[in-house]
S.K.: 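Before anything else, here's the structure in question.
These figures come from a predicted structure and were not determined experimentally.
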Amino acid sequence: MRYNPALREEGKNPFQLDSKAPSIRLKDYAYREARYTMLARSNPELAAKLLGEAQDDVERGWRVYSARAAMPGRGETPNIAPPENPKKSQKTSWRAAAAGGEQ
């Protein structure tokens, strides 16, 4: 995931996702390393629990990043609020408004 502020200034989404979705399960990747296989051998129940939680984190993280990168930029979406009316944008205190004048 990259953030490019120049894209934001152009009205585009500044978040860019450079990688593809994971192509293998975390289990297949992690069990290539001895430290994870040792845990699976010494405490299979704990290893399965931790691996399940870690897989959930991987999947949730990917969903968050891919959703962020898929969002349209400001220039690609209509205005949510109407343009500001210059006459109405002048601030008036509530006391002045109650008295019928400006302060």
S.K.: Apart from Leu39 itself, what residues make up its hydrophobic cluster when side-chain heavy atoms of I, L, V, M, F, W and Y under 4.5 Å apart count as a link, directly or indirectly?
M.R.: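 Besides Leu39, the cluster holds Leu46, Leu50.
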S.K.: Working to the nearest 0.5 Å, report the span between CG of Asn4 and NZ of Lys12.
M.R.: 10.0 Å
S.K.: When you group the ILVMFWY residues by side-chain heavy-atom contacts below 4.5 Å and let the links chain together, are Ile24 and Leu51 in the same group?
M.R.: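 Hydrophobic grouping puts Leu51 with Ile24.
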S.K.: Is the number of heavy atoms from other residues, nucleotides or ligands under 6.0 Å of Met1 CE greater than 12?
M.R.: yes
S.K.: Does a side-chain N-to-carboxylate-O contact under 4.0 Å join Glu53 and Lys49?
M.R.: yes
S.K.: Please report the closest heavy-atom contact between Val58 and Pro22, naming both atoms and the distance.
M.R.: CG1-CG, 4.1 Å
S.K.: Are the side chains of Arg2 and Leu17 in contact, using a 4.5 Å heavy-atom criterion?
M.R.: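 Counting from C-beta outward, Leu17 and Arg2 never come under 4.5 Å.
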S.K.: Asp57: which residues meet the side-chain contact (heavy atoms from CB on, under 4.5 Å) condition with it, sequence neighbours left out?
M.R.: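 Testing Asp57 for side-chain contact (heavy atoms from CB on, under 4.5 Å), a comparison that skips the adjacent residues, returns Arg60.
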S.K.: Are the side chain of Gln55 and the backbone of Leu26 linked by a donor-acceptor contact shorter than 3.5 Å?
M.R.: yes
S.K.: Please lay out, stage by stage, how Arg32 and Thr37 fare under the test side chain to side chain contact (heavy atoms under 4.5 Å, CB included).
M.R.: CA-CA 8 Å; Arg32 292 179 186 170; Thr37 56; over 6 Å; no
S.K.: Got a sec, which pairs hit ring-ring contact (aromatic ring centres under 6.0 Å, His included) with one end in residues 14-58, sequence neighbours left out?
M.R.: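 Passing the test, one end in residues 14-58: Tyr3-Phe15.
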S.K.: Between Ala40 and Ala47, what is the shortest heavy-atom contact and its length?
M.R.: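 Scanning both residues completely, I find the closest heavy atoms to be CA-CB, 3.6 Å.
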S.K.: Return yes if some donor-acceptor pair links the side-chain N/O of Asn13 with the main-chain N/O of Pro72 below 3.5 Å, else return no.
M.R.: no
S.K.: Using side-chain heavy atoms (C-beta onward) and a distance below 4.5 Å, is Glu59 in contact with Arg25?
M.R.: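 SC-SC contact between Glu59 and Arg25 confirmed.
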